[in-house]
Structure formats: structure tokens, C-alpha cells
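Beneath this line is the structure, given in C-alpha cells, with notes to follow.
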Amino acid sequence: MSGMLDQIDPLTEEALQALQAAGNLSDLDAARVKYLGVNGQFTALLKQMGSLPKDQRPEAGKRINIAKNKLEGLLAKQKEVLELAACLPTEPTDFTLPGRRPQLGKLHPLTQVTEDIVRSFRKIGFVVADGPEVEDEYHCFDALNTPADHPARDSQDTFYINTPNRPLLRTHTSSVQIRVMENQPPPIRIIVPGRVYRRDTADATHNPTFHQIEGLYVDRNVTLGDMKGTVEFVFKELLGKDVKLRFRPHYFSYTEPSLEIDFSSALTRKMGKEWLEIAGCGMVHPKVFENVGYNPEEWTGWAFGFGIERIAMIRYGINDIRLFYENDLRFLNQF
Amino acid sequence: MKVTVNGLKQYVDFDWTVEELTERLTMLGLEVEGVETVGGGYDGIVVAEVLESKPHPDADKLSVCQVADGQGTRQIVCGAKNFKVGDKVPMILPGSSLPAKPGEKPFTIKVGKLRGVESCGMMCSGSELGVTEDSDGLMILDANATVGQPFAEYLGCAEQDVVLDLEVTPNRPDYNSVIGIAREIAALTGNPLKWPEVDPAEKGEAVESLVSVRIDDAEKCPRYQARVIKGVKIGPSPNWLKQALEKVGVRSISNVVDVTNFVMLEIGQPLHAFDLNLLKKSGNNLPTVVVRTASDKEPFTTLDDQSHELDSEMLLIADETQGIALAGVMGGLNTEINDQTTDVLLESACFHPGNIRRTSKLLELRTDASYRFERGADVEICDWASRRAAQLILATAGGTLCQGVVDVYPGKTEPQTIALRYAKTDALLGISIPAEEQKRLLESIELKCVESDATSCKVQIPTYRVDLKREIDLIEEVTRLYGVDRIPSTPPRGAHGSNEFDSEHDQLMEARQLLTSMGLFETQGQTLIAESDAKRVANDCVALEYPLSSDMNVLRPSLLPGLLDVLRHNVNHRNTDVAVFEVGRVFLPDENQTRESRRVAIAWTGSRQLVFWKGGAKAEKVDVFDLKGLVDTFLDTFGIRGFSWRTETCEQNEFFVEKASLCLGKNVLGTIGQLMPLIARDYDIKDSVFMAELDLERLVAMRVSSRSFKALPAYPSVRRDIAMLVDETTTHADVNQAVKKAKINQLDSVEVFDIFRGKNVPEGKKSVAYTFVYRDPETTLTDNQVNKAHDQLVQHLQKALGAEMR
């Protein structure tokens, strides 16, 4: 059976070549089965060892072991190489193709602007307050020193609810000033974002529903200079450091002196205007303090308010207020 | 309120440019909303006389004219035929331009040859000059026109003027007059207010012998004055008067009527002129003006020939037989000034603002007079205004002013005084304005100081300042006149606020952020919606008393109808994949009250994911489990613990075709489901629509924000899967319940991974597959331990659910 010993080297050589030649993992496995599998040729050779004369066995065992180690070594090495190769991209990637984008939701632009305003006020010690949208005439008008026969109370301008006590939809967030002062002793430092209602037919600049934000500060020794300073701070935060503000006398029933605020910036100049009206403000009228039981000799304060849609429209250059309420995704996606 | 710069200059001197004036008035609280230049123009256009006209040698349609222009004679070739030698016509000199129409470039006239004949200028038609519509031939001027006179001067509008449109705030009725505005300029400049001299000559009969006045309702009419001018000649107004009115947009009618309007614009007092002879008297009495309220349903025709039905609150000026004017609003047709009028009864009165507003509103009749009375006219100016008008009527319409005046003045009151503490101004403004400066500022607007010491002063309030009622009003005057721009801003300082809503605001924002992070867009819907839409989701809703339209007649009882509008809008704009939410208030009736609460609602339709160019799941549509998974994630993350969903049955015509309620203990906090496809179709939506609405206010209240750390597992888990046949009616909740009841300690988690109906599954059954994960926190479980536990669980499921293992 010396022939068996002679077979070891050629078979090893043949197996090595087969392993080496395998171009992919399945060829490699086929080669492994052919030579090293249970019924493989090399395995068969191993099985013949028992039939060798005793004295030849150690020699044969040694040679077969060397050959086997060689084969297994190559097999492992080839496997690693081919496995790595299998992980490579099969064809080159076109990186100019679009990727899979996750869909992001967006906050409504009015929410975003409101949050910006709220953030600016909170930096300087204001907190957010809230009140009902369905109001009574007292909180919306009387307590705010609105004359009894003022046109704003008219059902032509204000929505009344069809119930016996005839509440109304608040026409401004100022009603919350009264509710908060009725419930809390001074000092007060609040801002009130919220929906308000006026009986205007919807067009590019009107919607029966819109949003306002109101600020109220009541304390000892609060001055008109404080009001100007705070308003300037907030608007610079909101509209940029280059913004210029102008305060001019105006009339509101619940503040005195009352001022309107105009601003001027690159934006207004782009719109062809030096000054653009943006908000109203004033020192809280002593009558309002009397109505909520604050002593106007002891406390002073200021309030101011503005339309959130207006700020958003100016900031983003939106030309139609109705867009806010249509909620077209192509619109919402832009903010 | 419109005023002209030249008009103002008649009452006060100032040398500001128009820009300065605009700025000063605006900073005083009189915002200038418009500035328009009027008059002037016609440069290089003069009155010319045609001296000679001969046919053009080479053109039949042209003539060659010699024309006098005041300086000399020039030759002009002309195409018009309508003139004759001796006619006066407007002529434009070479180098000057025709007035340009808006948007056009001005056309400049040059010396040139027309068919070989030199022409040095052009004679013009009315339409070329923009003066008349007439484009047929030359404009033939008055025969008396002076040759060489500038054409603008001929028209009587030589002077250029600037019209300012001012926004008058309702607290300042005194601004509705030229003098009222001039008064403020006088205060700023320190120059005196120049009142016109008013001293009309009275002659002949005493007015008391011609007319008497009786006020029946003194509260509605505190003062009524009558003067009589006899023998007037009604005719057109002189140019100055016509122009004064037309520049500010008031139509010229006749000399007498124009005077009453002019004085109203000048001082703010509305006046009315009646034809005295048209007043009816009873018996031999004098004609009597009766100021009374109308009887209910009393008919009355105003001078614009509109008939009205009055009510018993409306104030009427009447003679003894009938109404002759709607007090403070408009005169009557029956006593109107007309061409035959010779004797004028001039009314100058004061009426109660609220009553005039009511009448004007109910009759939908708004006039310059009602506008002024509504805001509060100056009772003390009646007499001056009446004399001023009488004087101007004499000057423009002739006649004689009868002696005296009938002045019924039951409402006379003592002038008010108000004290100002100087320190109060300083405290409110945050600056120090010297006492004498404050006093001077008040005096500059004619507030007479009646008492004063080092710390305060007391001033008398003129009757035209109806807005000055208490100290703060004087502080405002000081602020305005001192200049708001001179008060320095002080940086934010002071107390930190507190309000219980503050944290709720953040929690609502957190909810919004969470939903947007899951890919939903936030929307803002209308609060006011159609009742028909509201009724789809609620039986009762809060209705408006006087809605704008039936599209917006109730307050939304739910956010869902609004979201459907959003879906419709987007689908109609070719965006069929919509995932949106709204956080907002809803309004529910609650025994004659309205209950407001905050909700969050979600709507989802169309494709599950953005369309992509690769992969099989491209067109997969969203289903109810997408929405449920999203809502569950929202609730978990928001901090809602222990909630469950209860499947509800839906009625045939309900909003949802399938739905479930969100339960937390005994509370039901929301609904989730699929929209009834019929309703979706109403809204043009083809794909299935899934919606949810949750009570956000109560969710915020039930939030558990505390979190505690649970140690990461130290020992491995073992997983066992099963598939079993159960009845179709067995729910996932039933399976969970059964698993829980089996009380297997080592069971770590349970998850469903497949539900199958069809091949090899009998009718009425379904195959459900679950994964069970076993783990012991203290040790590594052996196979035996797991098998034992799992067998126990399987046996329990078989018993409890009648399940058949597959």
C-alpha cells in the first residue's frame, strides 16, 4: 500500500490549487467538500491509513497532518478573503441619486413666531398667562374702560354668542389683563398669547380669527421709560438688531398715555415704507387699576399688544393672512 | 380728517416743510396717513387770443393762426375748427409740457414745421389739459379772460397746496377741524392761533320776532341756536370757497350750504341752513323750531330724498307740524335750501353723542355732521360758529343778518378743573420735567391755569377737550407735548412674574414638538365653522348670535371638522399624503354656559412614507395601526401611564366607521378611528382617513413626568415563539389578560408578531403568533427552567382561550 503515501503529495497539491482557484464562497465550499468533506478525497485517504503497515503509520500520519494543516490554513485564509469581497458593493453607487429622507413635521409658523416672542419675554422675567376666549362684556370692555357706547361693542364688529347671558368672543387678549389682576396681587409680569375674534370678512389682511400677544407689567415705580426699554428689547430680539422703533401718541381706552409703535428696518424699506405700524402700548389707565382693586397711587404699569399674524407676515414676507388658516402643506413646509 | 397746508397757515404761522409738518403732527398723536399735492401745474400755459386765422397753404384740415400771448404775437398751426377770431383759448408755449395723465410721460411742445409752415406753440382742448372731458376742438375761455394770464390763475387754482389725510383717534373730536389742528401747531411753535375776525353786521328785525325755539328733550340737545339771514341770493360759491371744500373732498353745492360746510371743517361745529319760509306754523304763531324725539314709526324724508321710518329714541328737529331735520345727521327735503330761498334759518346746536350714533347707525346714514356729533362736539363753540357762518353767508350770498340770536341753552355747565401733581408725571415717565415746563406745556394748549404752587397746578378744561377727565389725562398731554421720543428707554428690570398657566404653556408646546418629531405638520384651523360640519361630530354646539355667514356660524365643538378641511384643501391641491395635527380649543355648551377645553387632534391619509425611487413599500397606504402606534408613542412619551383602548360600536351614520376610546381609569380621554368613507368622499378624499382626538387639557393634568432608572438586565433572556388558533372574537387584550393571569414569574415580555386568516385556518378562527421572552434578573435560566415555565403558560392559554397550538 505504499501507493497511498505516494498519493498524499499530488492530492494535497490538487486540493491547494482548487482552494486557491475558488473565486467566490460557494466555489470555495464546493472545493472544501470535494477534498475535506466527509466523503472528500482527502478524508478518504485518511481513512486508508488504518490499512498501512504499522511501521509506516507514524510517517504517514505526520505527512497527512502537515498536508491537512496546509489545506485548512489556506481554506481559512481564502474564506476570509472571499467573505470580505462579498461585502463589497456589487455595482458602484450613484451618489447623485436622492437619499431616503425622513419626513419631518413642522410647527405652524404662528406657533413658531409665538414661541420666539414668548422666549424673548421670558428672558426678562415674564411668564405666560391665559384666559377664556368666550368672555363677558365686563372683562372685554367695561373693566378696560371702554366707553359704554363704543362701536367695538357693536354686534357689527364683535361676535356675540347666542345664549341668554350673551357672552362674546374676546376681541383682544387684553381681557386676560383683567382676569389676572383680579386673581393675583401685584407685582404682575405676564404675556398672553391667544386667539381673538373680530367680525371681519376674510380677505388678504383679515380673518375673523387671529392671534394677539399681550404684555402686562405692574409694579411700584414702573415708568414709561421702562416700557420703551422693554419693547425695544423684545423687538430687537424678534426683528433683528438693526431695527429702529418709533413711539407716537395714540389712543386706547385702557392705557394713558397711549402710544403706537412703528418700526423701521431693511424689511420695511424693502416694502417701500420708512415706518410700519406694529404694536400698541401704554401706561395702564388708573381707572383699570381701580376696576381690579389696585391702588393707582401705589402701583403703575404698562401693557402692550400686537398681532402675531402681522409679525409673521412681515418676518416671512407673507402677503395673505388666509394662508395661515388653509394649512397647505407646501406652505407649512417652508417654515 | 383732511386739511391743507395752506388752510392751516391761515390760522397759525409755521415755516416747516411738508415733511417736518407730517413728522411733527404724527409725533403729536395725529398720524398723517396720506399726503397729496393739489393745484398748481399748467406751467407755460397762458390765456391767448386768436387774432387771425387763414387756411394752411398745403393742408385742408389745418389753419395758420396769429395769436396774442400777452408778450407778443406768435404763429400757430392748428387743426381745430371750433373757434373764431377773437376767441380766447389756452395756449401752451414751446418748451412746456401738457399735464401728463397717470403713467404717461409728459408731452413737450417744440417749435416745428407742420406741412412746411412754422408753428410756435399749441392751442389746447379741455381734455388735453385734463380740465374737461371735451376733446372736440379748442377750449374756448371766458371772453373777459386776460390775455397772457397764466392758465392756472385763470382756473383759480394758481396756488399749489398739499392735502394731509390725518387719522383722528376717537378721543379727540377737537381734531376734526382746521382750527383744532392749528391749535396744536400753535402749541408746538409758540406762535399765536389766528382766529378769524367775526363781527357780522346785524340789521333790521329782531330774530325773536321771526322764529322761536323750544327744546323738549334737553338731555339729547343741550343747546340750540337760531339766526336768520334774510334776502340772500342762492347761487354758486366763489372760487376760494369752492376750492377750499373740493381740495378736502367736499362737493360744492351752493353758497349758503357751502358756507355751513366750510365752517364745520374750520371749527368742527356742524351747522344746518333751513329755508325759513318753508317752515310751517300753527295759526298766527311764529314759526317754531321744536327739538323733540320722533314718534314711533314717524316717517321722514332726508334731503338726499331717502325716506326713513324713525323710532321714539331718535331726535328730530321739527316745526309745529312735521319734522324738518334729523337732528345732527341730515336735514329734511321739505325745508332744504333751494334756488328760490331768500330767508335762511341757521341752526347751530349741540346733540348727545350716543343718541346721534344710534340714529346714524340704525338708519345707516353717516354724514360729516353725525361723525362729529357722535364723537362729541363743543357746546361752547355754537355761537362763534353761527356768527362766523352768518358773516360768510353775507359775504357770499348777500342779504341781511337779523338782530340777535335765539339761544336755548339748558345744558350750560361750569368749566371743569383738573389738578396735576408734577411729581406724578415724573414718576410715570421715569424722567424729571421741571414744574414750570409742565405748566407751560399745559398752557400752550389753552388749558388755563387757575391755581398753582410749587408741586402742582390746577387747570381749566375747555369744553372742546372732552377727553380730559382726570389727572392721568393731563400727564398724557405733558408727555405728548414734551415728546415721547425725548423720554429715554430704560433696560428691562423688576419683578419676576408668576402665573399657573406658565408651565401649561410649555406642556402644550411639548405635545406639539412630540407630534412634529413624528412627522406630523401642525395646523391652525378656524374657530368658527359651519354648523352642518359641527353636527357631524357633536349634537350640540355654541352658536353665534349674528354670524358672518353660514360657513362660520358656530364655535367648533371638535378639531376634527377643521382637520377635514385641511385634508380637502391639500388633496385638492394634489397633495394626497397628509399627516397633520392641531392643538387648540373647542367650545361646548354647558347649560347656557360655554365650556372651553384644549384638545389635540390628528388626521392622516395617503401614503405611509414619502415616495422613494427604490424598494417595494413605495405605495403602501397608511392604516389604522400607523395612527394607533403614533398615538401610543405620543401618550407613552408624554407621560400617560396605564391607558387602554376600548373598541366601540359605531352607528350606521356616524363620523367614524370604526373607532375606539382612550380609557384611563374611569375616564374616557379621546377617540381614535377611521373616518366614514362617505364623509371622506364629501371632502373629496379618496384614500382612507384615520383620525384621533384627545382631551389634551386632562392629559396634561394626568401626566406622570417622574421617571426612574431601571437597571439594565445582567443575565440573558430566552425567547419562545408560539402560533395558536383562537376564535375570531378573541382580542389581543384577551391574550394579554390570559398571559397575565398565568402568573409566570420569569416572563419578561410578550409581543404579537403575526395574525393570519386563510389557508389551513378554519372559518371563524384566526391564527395568532406571539413571542415570549423569559428572563430571571438574578441568574441565567436553564433550558429546563424555560421549558417548564413556557409549558405552564401554553397550558394556561389553551384552557383560558380555548386556543389550539399549531
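Keep in mind that this is a model prediction, so the values were computed, not measured. Proteins get letters first, then strands, A, B, ... in listed order; numbering begins at 1 in each.
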For the interface with chain A, which of [options] has the highest count of heavy-atom pairs at distances below 4.5 Å?
options	result
B/P547, B/P491, B/G562	B/P547
B/L520, B/I487, B/T527	B/T527
B/T479, B/I431, B/L30, B/V478	B/T479
B/I475, B/V578, B/D565	B/V578
B/D473, B/L515, B/D426, B/D467	B/D473

B/I472 and A/H285: CA distance, side-chain angles, deciding distance, side chain to side chain contact (heavy atoms under 4.5 Å, CB included) verdict:
CA-CA 8 Å; B/I472 188 70; A/H285 198 291; 3.8 Å; yes
Locate the shortest heavy-atom distance separating [X] from [Y]; write the atom from each residue and the value.
X	Y	result
A/L329	B/N570	N-OD1, 2.8 Å
B/P492	A/G229	CD-O, 4.3 Å
A/Y217	B/R493	OH-O, 3.5 Å

If I measure from the heavy atoms of chain A, does [X] come under 4.5 Å with its side chain, its backbone, both, or neither?
X	answer
B/E23	side chain
B/V580	side chain
B/R358	neither
B/R568	neither
B/E477	neither
B/T26	both
B/Q593	side chain
B/L28	backbone
B/R357	side chain
B/E582	side chain

Check: [Y] main-chain N/O paired with [X] side-chain donor or acceptor under 3.5 Å:
X	Y	result
B/E522	A/H108	yes
B/T516	A/L107	no
A/Q184	B/S498	yes

Taking the six-membered ring of A/Y251, is NZ or CZ of B/R172 closer than 6.0 Å to its centre and within 45° of its axis?
no
Separation of [Y] [atom2] from [X] [atom1] (nearest 0.5 Å):
X	Y	atom1	atom2	value
A/R122	B/D506	CZ	CG	4.0 Å
B/Q524	A/L332	CD	CG	9.5 Å
A/R246	B/D485	CZ	CG	9.5 Å
A/R330	B/R574	CZ	CZ	10.0 Å

Close side-chain approach of [X] and [Y], heavy atoms under 4.5 Å:
X	Y	result
B/H505	A/E115	yes
B/S549	A/T201	no
B/E596	A/V134	yes
B/D502	A/V128	yes
A/F252	B/T169	no

Region of A/T163 in contact with chain B, defined by heavy-atom distances below 4.5 Å
side chain
Take a 6.0 Å sphere around [atom1] of [X] and say whether it holds more than 12 heavy atoms from other residues, nucleotides or ligands.
X	atom1	answer
A/E298	CD	yes
A/E290	CD	yes
A/N221	CG	no

